[in-house]
**Q** 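Below you will find the structure I want to go over with you.
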Number of protein chains: 2
Amino acid sequence: MTTTSSTAPSTGSLSAADLDSPAQRERHARILDATVTLAREGGFDAVQMRAVAERADVALGTLYRYFPSKVHLLVSALAREFERADAGFRGLGAIPGATPADRVGWVMRRTTRGLHDDPRLIEALTRAFVSADASVAAEIRVVETLLAGILTRAMQPRSPRSPADDDAIARVIGDVWLAALVAWVTGRSSAAETAAHLETAVQLLLRE
Amino acid sequence: MTTTSSTAPSTGSLSAADLDSPAQRERHARILDATVTLAREGGFDAVQMRAVAERADVALGTLYRYFPSKVHLLVSALAREFERADAGFRGLGAIPGATPADRVGWVMRRTTRGLHDDPRLIEALTRAFVSADASVAAEIRVVETLLAGILTRAMQPRSPRSPADDDAIARVIGDVWLAALVAWVTGRSSAAETAAHLETAVQLLLRE
DNA sequence: GCGCGAACTGGAACGTGTTCTTCCTCGGCC
DNA sequence: GGCCGAGGAAGAACACGTTCCAGTTCGCGC
């Protein structure tokens, strides 16, 4: 278990080496693509390591060299999705909405749209996120940081209020977001209810 | 006890029959005891179905008759723990604390004390809770309801504020609680940080 | 007592995540 | 050209959740 790599990989694995050759970078991407494809089709259970390996055209052992477990694999895929979303928001310039609550709501709605578009993908990624253990901490932290950044930026133009609150609020919103996803995955609430709960929480926390 | 269940099993399985005979009730309890014991010793991974069956002195098939999956088993154990905690709070009379935030904080601290006392047990139960799927909805709902009740009662004497908020706030606190536990299980935050995050969120939500 | 059906036992069997072993391929170096 | 070691291929093997089956026991109505 030689973790603590000197230079942390951005979204990816954490094995020994850090993807030097182009061929490796391409394999890495192919694996993540296969993962997302399978997840989109059949959810968490359909992301079977043998199937991913086959679809990505690598051997099972190679898959495990790049991603030391199924959870690592899926959380890495989640991180990549978040990076794309983050880039999308940044490229957008200003987030629409007059108040912080509006803007955060907009971002959440946007991010949660996948509940309708790709329910199985969301299910797979959520499941992976919550079944991570300490060995996935690095990948988890990437996701956490990205989400915090997205939320903090969305609420950014903030009226007179202690700035220390911002991080705490972003964190709580992130927590509610996770819990809402879990409730949805667990079949306790529909997509609409999930979205509604999120809105409520945002308004509760960002009332001015 | 006291779960207002007409026909639904209170905390337990959901198989066909509802535990009629004393022998069955005793088996049921024995299985849950074995589960908690194993969880306390070795966490989620140590709760292996064969081991539970052996320790509870039932056959594997019998175990599966009572609890159709490992997750059902652990969430049922969680529900039983919550029932005990709930009964404890009710027997206590008034919750200590001057403000709603104080009282909720007190309850959370009390409930979270297990993080130090029985970290592996908490880990096992948390893991199970978040890896539940729709088939465990009944057991999950028991836990959800108990927690909501505990929180709502703790914040009960509440100053002028729309009462509709109470449920929403309790829900958000429950969400943060879950997310904090997940963060702790994932190795992202220590027990102390987990507790601190909870306090912060409670104060954020219950400022008057 | 007797017979019956439900519940229980013991254990084999299967699927999927994970590990391991053996052999092969490729790009750099003499 | 020929060697070499790292990374990859192929697939067997193992662990644990889950399912299934054949036989046994238990409690109950007769």
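All values below come from the heavy atoms of this structure, side chains included, with hydrogens, waters and symmetry mates left out. All chains are named by letter (A, B, ...) in the order of the sequence lines, taking the proteins before the strands, and each is independently numbered beginning at 1. Computed from a prediction, not measured in an experiment: that's the story for all the values here.
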**Q** Would you mind reading off the distance between A:H72 atom NE2 and C:dT19 atom P, rounded to a whole angstrom?
**A** 11 Å
**Q** Would a 4.5 Å heavy-atom cut-off, applied to side chains only, mark B:F129 and B:L181 as touching?
**A** no
**Q** Taking the side chain as everything from C-beta on, heavy atoms only, tell me whether B:H197 gets closer than 4.5 Å to B:V176.
**A** no
**Q** For C:dC8, does either OP1 or OP2 sit under 4.0 Å from a side-chain N or O belonging to B:Y66?
**A** yes
**Q** Expressed in angstrom and rounded to an integer, what is the separation of A:L63 atom CG from C:dT19 atom P?
**A** 12 Å
**Q** On the nucleotide C:dA6, are OP1 or OP2 found under 4.0 Å from the side-chain N or O atoms that B:Q24 carries?
**A** no
**Q** Between A:E83 and A:R80, is there a side-chain N and carboxylate O pair less than 4.0 Å apart?
**A** no
**Q** B:R30 has an atom CZ; how far is it from atom P of C:dT9, in whole Å?
**A** 8 Å
**Q** If you look at every heavy atom in B:G105 and B:V202, which pair is closest and at what distance?
**A** N-CG1, 4.5 Å
**Q** Rounding to a whole Å, what distance do you find between A:R27:CZ and D:dG7:P?
**A** 11 Å
**Q** Could you state the CD-P distance from A:E54 to D:dG11, rounded to the nearest angstrom?
**A** 11 Å
**Q** Between P on D:dG17 and CZ on B:R127, what's the gap in Å once rounded to a whole number?
**A** 14 Å
**Q** Taking only N/O atoms, report every protein-nucleotides 10-17 of chain C pair under 3.5 Å with atom names and distance.
**A**
| from | atom 1 | to | atom 2 | distance (Å) |
| --- | --- | --- | --- | --- |
| C:dA13 | N6 | B:R50 | NH2 | 3.2 |
| C:dT16 | OP1 | A:Q48 | NE2 | 3.2 |
| C:dG17 | OP1 | A:K70 | NZ | 3.1 |
| C:dG17 | OP2 | A:M49 | N | 3.2 |
| C:dG17 | N7 | A:R50 | NH1 | 2.8 |
| C:dG17 | O6 | A:R50 | NH2 | 2.9 |

**Q** Can you check the B:F67 CZ to D:dT18 P distance for me, whole Å?
**A** 13 Å
**Q** How far apart are the closest heavy atoms of B:A53 and B:L63, and which atoms are they?
**A** N-CD2, 3.9 Å
**Q** Using whole Å, report how far CZ of A:R25 lies from P of D:dG7.
**A** 14 Å
**Q** Would you call B:D102 and B:R109 a salt bridge, taking side-chain N to carboxylate O under 4.0 Å as the test?
**A** no
